[in-house]
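A short worksheet on the structure shown next.
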Amino acid sequence: MFALVDGNNFYASCERVFDPALRGKPLVVLSNNDGCAIARSAEAKALGVGMAQPIHEVPKDVRRQLVVRSANFTLYGDLSARVLAILRDAAPRVEPYSIDESFLDLVGIHDRLAFARDLRERVHRWTGIPNCVGIGPTKVLAKAANKIAKRGGGVVDLTDTATRDAVLANYPTGDLWGVGSRTAAKLAARGIRSAAELRDAPPADVLIAFGVTIARVQRELQGHPCIALEEIEPDRKQIIVSRSFGQRVDDHEAIAQALATFAVRACEKLRRRGLVAGGVGIFANSDVFRPELRQHHPSRTVNLPRPSSDSRVMLATGKNQQVDQRRQRR
DNA sequence: TCTGGGGTCCTAGGACCC
DNA sequence: TCTGGGGTCCTAGGACCC
């Protein structure tokens, strides 16, 4: 049995913890370069601000009403750790899934609803972060329960099969964990629109048409756990540092500068995790929002002679690749 | 006219998640 | 004018090996 604890509008809620004057106001947290909305308070959502919506696309009259903050990831990480500490104290097995979500193993807990309500309240009281809890016999069902809890009530348990049947009959496949918009459209083309319809479709057909990932979602909907709780975070397989340039860049020197900065930062991340990299990749993309211009996305990956987290090695490797490319162009 | 049967590694693209 | 920044897994196809 699983629970999913998820902070509401997490970044926006964090900002409110440190500035209570923001409570009740339509608050938006912006990405790097202050480009897109990456978190919205309930009030900002009500005004129609979308997730990842470019802020310049928000109508002026709406923008005037918003309170806007640039993202402060150090702050969010700090509050995330505080929430996690409370969860670990309450349950023996916890999987931190993202900065604002954790799965809990509820095995051995008799009164799940009471436990969840108490935990939710404690997280809110001790950290200031409002949150919701979803409960289910599989992770996919716990996720769905959480989504429903967000609509009101704060805690939803989908363990009971009658409750579950009623909920899944009206739950769109596209809202399921692991089913995105493309797959939802493909499912709809076959007449599968609700989670209940996916659950009850012939499994062999689902496997052939949609692959093992969706077949697993189907099994989980049926109540058979396929996705295990992972208490220990696996080592990263790649670490990426990338940024959009605010404006057009056609200066090679500026790009080389950015590459050097990113390489240093990537190495810091490696060292913080006690890892070394076996290879280095560099990529760049032209402006995808100007499709009328010629597009290109050069990339190059090389293996290092010896795995490393030394910025000097990365910088030298990056330089060699640039030289290589120039040679190739000649 | 016949044209093996495995296996691994790498890359690119697609789809998804927060 | 301004359009996020991370991650993961799966699949297919090609190169290569014995």
Side-chain angles (χ1 to χ4, degrees), chain A residues 4-14 28-40 49-60 63 68-73 76-77 80 95-103 139-140 143-144 146-147 150 173-187 207-217 226-228 230 233-249 258 261-262 265-266 268-270 272-273 275 278-279 281 283-291 293 297-303:
Chain A
L4 178 72
V5 182
D6 186 329
N8 302 350
N9 317 324
F10 188 67
Y11 298 164
S13 298
C14 290
V28 164
V29 177
L30 295 180
S31 64
N32 196 262
N33 289 335
D34 289 345
C36 292
I38 53 172
R40 306 100 73 218
V49 181
M51 183 57 180
Q53 186 179 16
I55 195 69
H56 72 262
E57 272 182 8
V58 176
K60 271 213 178 72
R63 236 183 300 167
V68 162
R69 289 282 183 274
S70 298
N72 178 354
F73 292 105
Y76 310 151
S80 176
E95 172 190 347
Y97 174 65
S98 74
I99 193 161
D100 65 337
E101 287 176 61
S102 292
F103 286 103
K139 283 176 152 186
V140 164
K143 267 279 199 183
N146 189 284
K147 195 151 217 154
K150 286 254 151 76
T173 57
D175 284 354
L176 289 166
W177 189 42
V179 180
S181 59
R182 313 262 170 147
T183 304
K186 273 175 69 183
L187 285 165
L207 178 62
I208 288 168
F210 298 96
V212 298
T213 314
I214 301 303
R216 256 193 308 254
V217 172
C226 304
I227 308 169
E230 289 180 43
E233 189 191 350
D235 283 338
R236 288 287 154 87
K237 297 179 175 178
Q238 58 176 20
I239 284 175
I240 296 179
V241 179
S242 80
R243 289 287 176 281
S244 300
F245 289 96
Q247 321 88 34
R248 276 193 64 150
V249 177
T261 310
F262 296 173
R265 221 174 306 170
E268 287 167 1
K269 291 187 178 189
L270 275 173
R272 214 175 304 141
R273 292 175 177 275
L275 298 174
F283 63 87
N285 286 320
S286 46
D287 186 351
V288 291
F289 297 98
R290 300 281 302 276
L293 300 180
H297 15 266
S299 74
R300 179 73 65 92
T301 304
V302 289
N303 293 326

Which part of the nucleic acid, if any, lies within contact of [X], taking any heavy atom under 4.0 Å across all strands shown: a base, the sugar-phosphate backbone alone, or nothing?
{"X": "A:Phe245", "result": "sugar-phosphate"}
{"X": "A:Leu176", "result": "sugar-phosphate"}
{"X": "A:Ile55", "result": "nothing"}
{"X": "A:Tyr97", "result": "sugar-phosphate"}
{"X": "A:Asp100", "result": "sugar-phosphate"}
{"X": "A:Val288", "result": "nothing"}

Nearest 0.5 Å please: distance from the [atom1] atom of [X] over to the [atom2] atom of [Y].
{"X": "A:Ile240", "Y": "A:Phe262", "atom1": "CD1", "atom2": "CZ", "result": "12.0 Å"}
{"X": "A:Asn285", "Y": "A:Ser242", "atom1": "CG", "atom2": "OG", "result": "9.0 Å"}
{"X": "A:His56", "Y": "A:Cys36", "atom1": "NE2", "atom2": "SG", "result": "8.5 Å"}

If each of A:Gln247 and A:Val241 is mapped to the nucleotide of DNA chain C with the nearest heavy atom, which maps nearer the 5' terminus, i.e. the 5' end?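 Counting from the 5' end, the first nearest nucleotide belongs to A:Gln247.
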By nearest nucleotide on DNA chain C, pick out whichever of A:Ser242 and A:Arg248 is the more 5' one. A:Arg248
Among C:dT3, C:dG4, C:dG6, the nucleotide that comes nearest once only the side chain of A:Ser31 is considered: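 It is C:dG4.
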Return the nearest nucleotide to the side chain of A:Glu101; candidates are C:dG6, B:dC18, C:dG4. B:dC18
Is the shortest side-chain N/O distance from A:Asn32 to OP1 or OP2 of C:dG4 below 4.0 Å? no
What one-letter contact string describes nucleotides 8-15 of chain C from 5' to 3', where B marks a base within less than 4.0 Å of any protein heavy atom, S marks contact via sugar-phosphate atoms alone, and - marks no contact? BSSS----
With pairs defined as Watson-Crick or G-U wobble and both distances under 3.5 angstrom, please note down DNA chain C as a dot-bracket string, | for pairing with another strand. ....||||||||||||||
Side-chain donor/acceptor of A:Arg216 to backbone N/O of A:Cys226, under 3.5 Å: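 Answer holds: no.
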Test item: A:Asp100 side-chain N/O and A:Phe10 main-chain N/O as donor-acceptor pair under 3.5 Å: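 Checking the backbone N and O of A:Phe10 against the side chain of A:Asp100, no donor-acceptor pair under 3.5 Å is found.
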Those residues at least two apart in sequence (or on a different chain) that pass salt bridge (Lys or Arg N to Asp or Glu O under 4.0 Å) with A:Lys150 are A:Asp6
For A:Arg290, all residues meeting salt bridge (Lys or Arg N to Asp or Glu O under 4.0 Å), sequence neighbours excluded: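 Listed in chain order: A:Glu292.
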Looking only at atom C1', what distance separates C:dC16 and B:dG4, rounded to whole Å?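 Approximately 16 Å lies between the C1' atom of C:dC16 and that of B:dG4.
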Report the residues that fulfil side chain to side chain contact (heavy atoms under 4.5 Å, CB included) with A:Arg236, sequence neighbours left out, ordered by chain and then residue number. A:Glu233, A:Ile239, A:Arg273, A:Leu275
For residues 178-187 of chain A, which residues have at least one heavy atom under 4.0 Å from DNA chain B?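 Those residues whose heavy atoms fall under 4.0 Å from DNA chain B, taken from residues 178-187 of chain A in numerical order, are A:Gly178, A:Val179, A:Gly180, A:Ser181, A:Arg182, A:Thr183.
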